Amino acid sequence: MSDQEIERRKSLEFLIQNNINPYPAEAYPVNVTAEEIKKNYDEQKNNYQDVSIAGRMMSRRIMGKVSFIELQDHTGKIQVYIKRDTLCPGEDKSLYNIIFKKHFDIGDIIGIKGFVFITQSGEITIHATEIKMLAKAIRPLPIVKEKDGKVFDAFTDPEQRYRQRYLDLILNPKSRDVFIKRTKIVNSMRDFLNSKGYLEVETPILQPIYGGASARPFVTHHNTLDIDLYLRIANELYLKRLIVGGLPAVYEFSKDFRNEGMDRFHNPEFTQMELYVAYKDYIWMMELVEQMVEYITVQLYGTTKVKVGENEIDFKAPWKRLTMYDAIKEFTGIDISNMNEEELRKTAKTLGIEVDETMGKGKLIDEIFGETVEPNLIQPTFIMDYPVEMSPLAKKHRSKPGLVERFEVIVNGKELANAYSELNDPIDQRKRFEEQLLLAKRGDKEAMMLDEDFLQAIEYGMPPTAGLGIGIDRLTMLLTDSHSIQDVILFPQMKPDRTVFELNELVDKLQEAGVPTEWIKVFPQIGIKSLKALKNIKPGKLHQDLCGFNKKNKLNLTNPSLEEVEKWLEGLK
RNA sequence: GGUUGGGUAGCUCAGCCGGUAGAGCAUCUGCCUUUUAAGCAGAGGGUCCCGGGUUCGAAUCCCGGCCCAAUCACCA
């Protein structure tokens, strides 16, 4: 424990000794926010003369009989003026001199009652008449200072920001804003879909057969049924079953899981919104998508233009539409629409793209597209008509052989959404699944499984349907100008903290070896935080360290005998 | 997985040309009744990521490992 933590625990004790509950149970009445005061306070009107506000103490300047603190609530910071003789009008000044000055700390959550005024240097400030501890912080907060909009000692270490998101939210208003925007984006999307009468539904996350996308799944096990289940990689096949069931339009905000690489665009769990509408096709879906995203953008910013990195992106509908072949022609000058596999492979090589013999026609086209076109599409663009090999759930194109009715939305060089005219021909669907099985046999770990139950459903007849998947994390990244997916997911996946892991391992082993719980707690405090640290320790030294710590810190534990310590160490082997 | 940069006080970082470990903020003691990165005077605080090696001597040099970031590759 650091000196600061020890100090704070002492303060905690002091408060309790003096009948001040550091964690009171009762509600604290709040009648105003920091933002409201700063926006609406008017010296002439003399308003806000009886405010009650709560928040975290973020800084403190003690000047003898007077102090200034910054109080932060969910809307921002406001300065509070604490004057000894206002707070303690009588003889007893201990509330100010002792309680506040000695035992309140930066990071504590407190309540303030008082009246608003403007200081000599012109800052809107609450003059406190009452101050109350609402929750004592026994761990010090990282200190961030600010002057003229310039931030000093900013809390920017990405690892700490993601692992301890609560600190990020306290210390970085921008981060808080991103997550508020994320929720607004989701709410606007839901409003838009509900206004059209579409039905929000919930489908299984645990699936006996995973499907609806090409990706490797997470596997788990159900004990009672004694079967493996998969965390869904998509919910497409379930939503389509609902279309078969006669629901005309269904959607779901779906947390999906893919057991693949992680980078700034990929988190193992992520959110998609999938939508299926009966009697529509992918042309119709393009209009819906551009209208929906335009609506969301306007709801969020009041304009369709958003700054993303160096670029200004305009989401105003309609968006540009290009077929995949035309897009490649536009960016390379090469028309690949009539090429066979060999010609495609040669073309890819001349474009400097690495290819190998296992790649089929569809994969080659996809590589050429991904390499030459995708990064160059900054403004929202629909790319239409994909090769059939890449899209086992999309309907064959109404007029172009070898292609399917599919589009992707590319914005800022990245895929944002994916949609098809859904394949509803059960014979064709079975054939496509069988082709996937062949790929799987050849070793493609992402090939789709054959879902007999789904086939059965569409054999009963599924109306022609348009389907869409849109990445909520990606959309939020775009609309909040966030560099990494970790900036738009509150708790992104991280490698487990090894020190914590090792400590847990140690505690488990010590328990197994029969070490009493109260003594297990002592081990980390004498510097033994992992099994490794116990490996070469002599029983005599361990015994001394343990008993010494007990005595020094007056823990009043019964010291183990040397024999007992020897027995513990034996038990660890 | 490759390459590059990084890991030092509670926080942000300096020190790296081997020679007793530093600054600012935070903390502690004292002063200060409108300050604002408050100020002044004093004090405490470190497994320099871990493990080896070279050396009389390693935060610093070498080797191995762990973790983080950027970027590329792979993967949607």
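Every chain is numbered from 1 and lettered A, B, ... according to where its sequence line falls, protein lines coming before strand lines. From a predicted model like this one, the values you see are computed outputs, not experimental measurements.
- Remark: the A/T119 side chain and the B/U35 base include a donor-acceptor N/O pair separated by less than 3.5 Å.
- Heavy atoms of A/F117 sit under 4.0 angstrom from at least one base atom.
- Partner assigned to B/G46 is none, using Watson-Crick or G-U wobble distances below 3.5 angstrom.
- With both pairing distances under 3.5 Å, B/A69 is matched to B/U4 as a Watson-Crick or G-U wobble pair.
- Proximity note for A/R264 (side chain, C-beta onward) versus B/U71, B/C28, B/C75: the nearest is B/U71.
- The phosphate of B/A37 (OP1 or OP2) has no side-chain N or O of A/K145 nearer than 4.0 angstrom.
- Base orientation for B/C28: anti, the chi torsion being more than 90° from 0.
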**OP:** Run the numbers on A/E70 and A/S59 for side chain to side chain donor-acceptor pair (under 3.5 Å), then give the verdict.
**Re:** CA-CA 5 Å; A/E70 277 179 300; A/S59 73; 2.7 Å; yes

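- Ring stacking is absent between A/F68 and B/A38, as the pair misses the limits of under 5.5 Å between centres and under 30 degrees between planes.
- Summary of the strand contacts: A/Q160 and A/Q486 both lie near RNA chain B, and taking for each the nucleotide with the nearest heavy atom, the more 5' one is attributed to A/Q160.
- Distance check on atom P: B/A23 versus B/A14 gives 16 Å, rounded to whole Å.
- To the nearest angstrom, C1' of B/U27 lies 11 Å from CZ of A/R60.
- Minimum atom distance to the side chain of A/R163 is reached by B/C68, of the listed B/A38, B/U33, B/C68.
- Checking B/U29 for Watson-Crick or G-U wobble geometry (two distances, each under 3.5 Å) identifies B/A41 as its partner.
- Among the heavy atoms of the strands, none lies under 4.0 Å from A/K101.
- Nucleotides B/G44 and B/U3, compared at atom P, are 46 Å apart to the nearest Å.
- Base pairing of B/C11: its partner is B/G24, meeting the Watson-Crick or G-U wobble criterion (both donor-acceptor distances under 3.5 Å).
- Using a 4.0 Å heavy-atom cutoff across all strands shown, A/E123 reaches at least one base atom of the nucleic acid.
- Taking atom P in both B/C48 and B/G5, the straight-line distance is 24 Å, to the nearest Å.
- The separation between A/H127 atom NE2 and B/U34 atom P is 12 Å, rounded to whole Å.
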**OP:** List the steps and the verdict of salt bridge (charged side-chain N to carboxylate O under 4.0 Å, His left out) for A/E159 and A/R163.
**Re:** CA-CA 6 Å; A/E159 186 176 2; A/R163 280 195 201 281; 2.9 Å; yes

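- For the pair A/I6 CD1 and B/G44 P, the interatomic distance rounds to 16 Å; values are reported in whole Å.
- If you check every strand for non-hydrogen atoms under 4.0 Å, A/Q4 touches a base.
- Distance from the side chain of A/I106 is smallest for B/A26 among the nucleotides B/A69, B/A26, B/A38.
- The P atoms of B/G6 and B/C13 are separated by 13 Å, rounded to the nearest whole Å.
- The minimum heavy-atom distance between A/F270 and A/F257, with the atom names listed, is CE2-N, 4.4 Å.
- Base engagement by A/D263 is indicated by at least one non-hydrogen atom pair under 4.0 Å involving a base atom.
- The A/K147 side chain lies nearest to B/A37 when the options are B/U35, B/C68, B/A37.
- Phosphate contact (OP1/OP2 of B/G30, side-chain N/O of A/K102, threshold under 4.0 Å): present.
- Residue A/R216 is out of contact with every strand shown, counting any heavy-atom pair closer than 4.0 Å.
- When rounded to the nearest whole Å, the span between CG of A/D85 and P of B/U33 equals 10 Å.
- Side-chain contact annotation: A/Y162 with A/D487, donor-acceptor N/O pair under 3.5 Å present.
- Comparing B/A37, B/U33, B/C25 against the side chain of A/F152 picks out B/A37 as the nearest.
- For the residue pair A/Y276 and A/E274, a side-chain donor N or O sits within less than 3.5 Å of a side-chain acceptor on the partner.
- Between the P atom of B/U27 and the CD atom of A/E7 lies a distance of 10 Å, rounded to the nearest Å.
- Within the 4.0 angstrom heavy-atom criterion, only backbone atoms of the sugar-phosphate kind lie near A/S214; the bases stay farther away.
- Using a 4.0 Å heavy-atom distance criterion, A/A154 is classed as a sugar-phosphate-only contact.
- Atom-to-atom, CZ of A/R161 to P of B/U12 comes out at 13 Å; the value is rounded to the nearest Å.
- Residue A/I112 is tested with A/V51, A/I53, A/T129, A/I78 for a side-chain contact (heavy atoms from CB on, under 4.5 Å); the sole match is A/I53.
- For A/D153 and B/G24, a side-chain-to-base donor-acceptor distance below 3.5 Å is present, hydrogens and geometry of angles not being considered.
- When rounded to the nearest whole Å, the span between CG of A/D157 and C1' of B/G10 equals 14 Å.
- When the P atom is used for both B/C11 and B/C49, the distance is 13 Å, rounded to whole Å.
- Of the side-chain N and O atoms in A/R61, none sit less than 4.0 angstrom from OP1 or OP2 of B/U35.
- Looking at A/R406, A/K240, A/K395 one by one, the single match for salt bridge (charged side-chain N to carboxylate O under 4.0 Å, His left out) with A/E422 turns out to be A/K240.
- Scanning atom types as modelled, one donor and one acceptor separated by under 3.5 angstrom connect the side chain of A/Q79 and the base of B/U35.
- Rounded to a whole angstrom, the distance from the P atom of B/A73 to that of B/A37 is 47 Å.
- Spacing between B/U54 and B/C62 at atom C1', rounded to whole Å, works out to 7 Å.
- Remark: A/R60 qualifies as a cation-pi partner of A/F100 under the 6.0 Å distance and 45° angle criteria applied to the six-membered ring.
- Among the protein residues, A/I62 comes within range of the nucleic acid bases, having at least one heavy atom under 4.0 Å from a base atom.
- Atoms CD (A/E367) and C1' (B/A73) sit 12 Å apart, rounded to a whole Å.
- Two residues, A/M262 and A/E5, neighbour RNA chain B, and the one matched to the more 5' nucleotide by heavy-atom proximity is A/E5.
- Taking atom C1' in both B/A59 and B/G51, the straight-line distance is 16 Å, to the nearest Å.
- The side-chain contact (heavy atoms from CB on, under 4.5 Å) test with A/P380 is passed by exactly one of A/I410, A/V411, A/V289, A/L416: A/V411.
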